[in-house]
Amino acid sequence: MKHLNARQRDAVKYINGPLLVLAGAGSGKTSVITQKIAYLVNECGIRPANIAAVTFTNKASREMKERVSSLLEGQPSRGLTVATFHNLGMTIIRREHKLLGFKPGFSIFDAQDSKALLRDLMLHNNEETDQVDAVQHQISNWKNDMVDPDTALSRAQLPLEILAARAYEAYETHLRAYNAVDFDDLILIPVRLFASQPDALERWQNRLRYLLVDEYQDTNLSQYRLVKQLVGTRGALTVVGDDDQSIYAWRGARPENLAQLQQDFPSLKVIKLEQNYRSTSRILKAANTLIANNPHVFEKQLWSEMGMGDPIRVLHNANEEAECERIAMEILDLHLRNTVAFRDMAILYRGNFQARLLEIKLQQYQVPYKLSGGTSFFARTEIKDLMSYLKVLINPDDDNAFLRIINLPRREIGPSTLQKLGSYALERQISMFDACGELGLEQVMPANAVQRLRRFCQWMQHILKQCYEHDPIEAITEMMRDMDYEGWIAENSTSDAMAEKRIQNVGFLLDSLRSTLERLQEDDPDAGIEEAITRLVLLDMLDRQEEEDDSNRVQLMTLHASKGLEFPYVFLMGMEEELLPHRNSIESDNIEEERRLAYVGITRAKRALTITLAKQRKQYGEKVDCVPSRFLDELPPEDLEVEGLGERCQVANQRRGNATLNSLKNMFD
DNA sequence: TGACGCTGAGTTTTT
DNA sequence: CTCAGCGTCA
């Protein structure tokens with residue numbers, strides 16, 4: 001606690017009621033949460049098992065766990081809940097599965113699975129499938145807003161809404177039949193349970209007596225409800241958030257949940273953290289000036305003691321190629337002349353497509369870089385395939401996973417057999433896996449087809465038995481050996497290097513399964529392979545993989561992906577109208593979120609910020625003139641050093657005034 | 001089953 | 001322009 005400032009200490013010590021910590025960028029909010037957990041345990045005598053800290057990402061939750069356990073060193077942190085919303089929801093569903101009518105080992109459908117299911121359903125209804133994305137999005141919105149299929153259908157107006165509402169109902173029925181839930185359900189189902197079963201709610205309220213929520217501005221309606229339900233009337237709640245960093249409204253986040261707190265808890269105490277420990281004063285001034293253009297429920301001004309620092313450079317370039325080249329040169333220059341490590345520099349952009357040209361130019365100039373984003377670990381084919389095996393193993397009702405793996409590797413089970421199996425299962429209201437065991441199957445398909453299906457099912461059951469009777473990981477390894485999974489991967493990879501990488505990924509998945517199982521069993525010796533596998537779906541291993549590879553490279557990522565990170569040198573590229581703010585946001589009149597996005601970008605920089613833009617850009621093969629972003633006009637001109645505008649740039653630079661020039665002179669003396 | 005060519009979209013993305 | 005996804009044909 002010695003390392004905390006007065007405000008932070010207040011936030012840690014205030015436990016007499018609901019508390020909102022408005023934590024500006026870089027103001028040490030994670031310290032507050034972790035210290036508060038330690039304080040609750042050490043000073044208030046609250047048992048760790050009665051505390052829950054909820055985050056949004058696995059990464060945040062992992063970091064928090066690490067920091068808490070080092071603070072509580074040696075002390076029993078057993079039973080402490082540090083989890084993502086989705087992980088917490090999953091735990092609730094798992095513990096209450098009987099009440100909810102789920103069989104243990106339920107499957108979790110990821111976005112891809114959901115989309116595939118929706119496509120099938122729409123295809124089945126002879127509907128065009130070109131709107132699956134919109135339909136999926138609509139259903140997800142309904143779920144986040146807690147609208148059930150019936151209500152959706154009765155309220156549907158637009159053709160898309162009617163289409164989506166019809167699919168919604170079938171989608172839910174099918175999910176239940178598969179003993180599966182989707183990501184939205186992980187929050188929604190517990191909320192519904194708690195609303196209808198006060199006993200269940202009381203059980204969880206008694207278990208989670210103190211709740212801490214990080215990044216509260218990112219909560220959606222169902223997450224907000226869950227928090228409210230768990231907190232009840234006790235008000236044992238600390239919420240940390242920053243309305244200026246709300247950049248996820250487009251996927252259901254409701255930043256107004258922050259202001260809503262005051263209505264929900266009239267006794268709410270608000271503490272602002274405004275001292276920033278990250279950036280120079282100039283960078284903060286720019287950020288403050290920019291964000292002052294947004295309306296605020298809570299006013300705040302970030303300040304720091306890190307010194308004025310260099311002016312913010314604004315580099316105009318002839319076109320996007322020049323822009324990328326310029327950034328590459330600047331990076332090389334910083335590296336060679338100022339011996340700045342590559343890992344201390346980041347290039348941030350609005351859209352992933354901007355990384356393409358950048359990559360080419362960085363390669364040309366031999367700048368080592370690391371690209372974040374792209375296909376996530378779990379979207380990779382080999383991982384999805386193996387995960388489907390694991391899902392079927394613990395949840396044979398998951399027809400989706402069953403269909404994915406039944407003929408992979410080839411088992412001579414073709415579409416016509418599956419078609420027959422599918423309609424048989426549908427008629428009898430059972431899963432396809434269970435249908436394989438039924439005697440009536442011989443009536444609808446050739447005996448050898450039945451035999452092939454049964455051989456597969458019996459083999460899976462054998463593996464499952466091995467899981468229970470012996471070491472589960474061993475059994476799964478045996479399963480992969482039996483079907484020569486590595487051979488299948490090698491056969492289906494375009495190159496040896498690719499196959500190698502894929503086999504590595506599979507090995508990594510198995511390692512993670514092992515360690516997940518071990519960790520689960522530390523807290524709960526009864527935890528089985530089902531729970532480990534279910535949890536694995538929610539694990540994001542991509543960044544753990546990246547952590548292992550801590551090489552010294554320039555970081556490339558979208559502005560969204562940069563939230564929560566910091567870099568000594570930041571390049572913010574594409575500062576143009578229609579890009580930042582993005583065209584769609586201009587059209588939908590949602591400039592405020594774009595401004596926050598720019599704010600997030602600026603506040604990532606510790607020492608120096610360079611903003612770049614192009615005068616002209618090739619778009620869909622055509623040259624288009626670009627207009628500098630309105631956000632540039634919202635930055636303090638006296639802190640900018642403009643370059644590449646010819647005459648006009650000198651005028652702009654003169655406006656910086658003598659103070660800046662003097663401080664520069666002093667630096668050179 | 002695989003190769004080829006047409007069509008259309010083309011922000012952000014975690015769980 | 002570029003690339004993914006789909007359909008067609010051998």
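Protein chains get the first letters and strands the later ones, always in sequence-line order, with residue 1 at the start of each.
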Could you label the plane-to-plane angle of the Phe194(A) and Trp204(A) rings as parallel, tilted or perpendicular, counting under 30° as parallel and over 60° as perpendicular? tilted
Value in whole Å for how far the P atom of dT12(B) lies from CZ of Phe56(A): 21 Å
Please work out if Arg583(A) contacts a base, only the sugar-phosphate, or nothing of the nucleic acid, heavy-atom cut-off 4.0 Å. nothing
Give me, pair by pair, the N or O atoms of the protein and of nucleotides 7-11 of chain B that are less than 3.5 Å apart, along with how far apart they are.
| residue | atom | partner | partner atom | Å |
| --- | --- | --- | --- | --- |
| dT11(B) | O4' | His582(A) | NE2 | 3.3 |

When you measure from the side chain of Asn293(A) to the backbone of Leu290(A), do you find a donor-acceptor pair of N or O atoms at a distance under 3.5 Å? yes
Check the distance between dT15(B)'s P and Met387(A)'s CE and give it to me in whole angstrom. 14 Å
Whole-Å distance, Ile586(A) CD1 to dT12(B) C1', equals 15 Å
Nearest 0.5 Å, please: how far is CD1 in Ile347(A) from OG in Ser562(A)? 13.0 Å
Does Arg251(A) contact dT14(B) through a side-chain donor or acceptor facing the base, at a distance under 3.5 Å? yes
Going 5' to 3' along DNA chain C, which nucleotides are the first and last within contact of chain A (any atom under 4.0 Å from a heavy atom)? dC1(C) to dC6(C)
Contacts of Ser585(A) that satisfy side-chain hydrogen bond (donor to acceptor under 3.5 Å, both in side chains) - sequence neighbours left out: Glu594(A)
Test salt bridge (charged side-chain N to carboxylate O under 4.0 Å, His left out) applied to Glu593(A) - qualifying residues, sequence neighbours left out: Arg596(A)
Under the salt bridge (charged side-chain N to carboxylate O under 4.0 Å, His left out) test, which residues partner Asp113(A), sequence neighbours left out? Lys384(A), Lys391(A)
Who are the side-chain hydrogen bond (donor to acceptor under 3.5 Å, both in side chains) partners of Tyr224(A), not counting sequence neighbours? Asp264(A)
One should read off an interatomic distance between Arg502(A) CZ and Tyr485(A) OH, to the nearest 0.5 angstrom, of 8.5 Å
When you compare dT11(B) with dT2(C), how far apart are their P atoms, in angstrom units rounded to a whole number? 16 Å
